[in-house]
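Each remark here refers to the structure printed beneath this line.
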Amino acid sequence: QVQLKESGGRSVKPGDSLRLSCLVSGRAMSDYAMGWFRQAPGKKRTFVAAISWNEGSTYYEETLKGRFGIGRDNGRNTAYLQLNRLKPEDTAVYYCVAGRIIEGGNPPIALDKWGQGTLVTVAS
């Protein structure tokens with residue numbers, strides 16, 4: 001069965017950059033679209049970004065577009081989320097997901113599997 005393991009979360013200062021990784025095991029990552037969600041303290045889990053299986057299409061939560069970047073390396077079975085110009089309000093647990101793209105969907109990815117999350121804390 002497929003398993004997702006996030007890494008890269010840590011405490012950083014406002015304005016810093018960070019790259020999160022998601023290692024997929026148990027099945028080829030190329031079988032899935034990949035995505036990221038986040039859950040801030042006391043808030044609901046929300047969509048961040050998604051990428052199709054062949055990197056042909058990417059999708060972002062509108063307010064994060066241009067500051068966050070999603071990527072994948074199917075040969076390494078790893079998906080990435082680049083976080084730039086971080087703000088305190090980006091503090092959250094970030095979850096990797098595997099699924100399939102739903103064009104026009106909200107969120108634009110139907111979810112098959114979740115990782116356990118990695119914590120990003122942005123504070124001065």
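Across every non-hydrogen atom of Arg67 and Asn84, the tightest pair is CG-O, 2.9 Å. The shortest heavy-atom contact between Met29 and Asn74 is CE-OD1, 3.2 Å. The heavy-atom pair separating Pro14 from Ser124 by the smallest distance is CD-N, 3.7 Å. Of all non-hydrogen atoms in Gln39 and Lys43, the two that sit nearest each other are NE2-O, 3.0 Å.
A distance-only check finds no donor-acceptor pair linking the side chain of Asn77 to the backbone of Ser25 [under 3.5 Å]. Between the side chain of Thr91 and the backbone N or O of Val122 there is at least one donor-acceptor pair closer than 3.5 Å. Of the possible polar contacts, one joining the Tyr60 side chain to the Ile70 backbone as a donor-acceptor pair under 3.5 Å is found. Of the possible donor and acceptor atoms, one in the side chain of Glu6 sits under 3.5 Å from a partner among the backbone N and O of Gln116.
Under a cutoff of 6.0 Å and an axis angle of 45°, Arg19 and Tyr80 form a cation-pi pair. Taking the ring axis of Trp114 as reference, the NZ or CZ atom of Arg45 stays within 45° of it and closer than 6.0 Å to the ring centre.
Hydrophobic clustering of Ile, Leu, Val, Met, Phe, Trp and Tyr side chains at less than 4.5 Å, counting indirect connections, unites Leu4 with Leu20. Under the 4.5 Å side-chain heavy-atom criterion for ILVMFWY residues, no single connected hydrophobic cluster contains both Leu83 and Val97. In the hydrophobic cluster analysis, where Ile, Leu, Val, Met, Phe, Trp and Tyr join through side-chain heavy atoms closer than 4.5 angstrom, Ile51 is grouped together with Trp36. Linking Ile, Leu, Val, Met, Phe, Trp and Tyr whenever their side-chain heavy atoms come within less than 4.5 Å puts Val12 and Leu64 in one cluster.
In summary, the aromatic rings of Tyr95 and Phe37 are positioned with their centroids too far apart to meet the 6.0 Å limit.
No side-chain donor from either of Asp73 and Thr78 sits under 3.5 Å from a side-chain acceptor of the other.
At least one side-chain heavy atom of Leu86 sits less than 4.5 Å from a side-chain heavy atom of Phe68. Between Leu18 and Arg10, the closest side-chain pair of non-hydrogen atoms falls below 4.5 Å. For the pair Val2/Tyr32, a side-chain contact is recorded, criterion being any heavy-atom separation below 4.5 Å from C-beta on. Using a 4.5 Å heavy-atom cutoff, the side chains of Phe47 and Asn106 are not in contact. Lys5 is not listed as a side-chain neighbour of Cys22, based on a closest heavy-atom distance of 4.5 Å or more.
Exactly one of Arg38, Lys13, Arg85 qualifies for a salt bridge (charged side-chain N to carboxylate O under 4.0 Å, His left out) with Asp90. That residue is Arg38. When Thr118, Val120, Val48 are each tested for a side-chain contact (heavy atoms from CB on, under 4.5 Å) with Leu81, only one passes: Val48.
Once rounded to the nearest 0.5 Å, the distance linking CG of Asp112 with CD of Gln1 reads 12.5 Å. Atoms CG and CZ, on Asn54 and Arg72 in that order, are 8.0 Å from each other to the nearest 0.5 Å. From Ser57, atom OG reaches atom CD1 of Ile101 across 7.5 Å, with rounding to the nearest 0.5 Å.
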Notebook entry, point to check: Which is it for Glu61 and Thr46 under the side chain to side chain contact (heavy atoms under 4.5 Å, CB included) test, yes or no, and what are the steps along the way?
Noted result: CA-CA 9 Å; Glu61 198 284 323; Thr46 59; over 6 Å; no

Next item on the list: Let me see the working for Tyr59 and Glu103 under side chain to side chain contact (heavy atoms under 4.5 Å, CB included), right down to the final yes or no.
Entry: CA-CA 10 Å; Tyr59 309 80; Glu103 289 290 350; 2.5 Å; yes

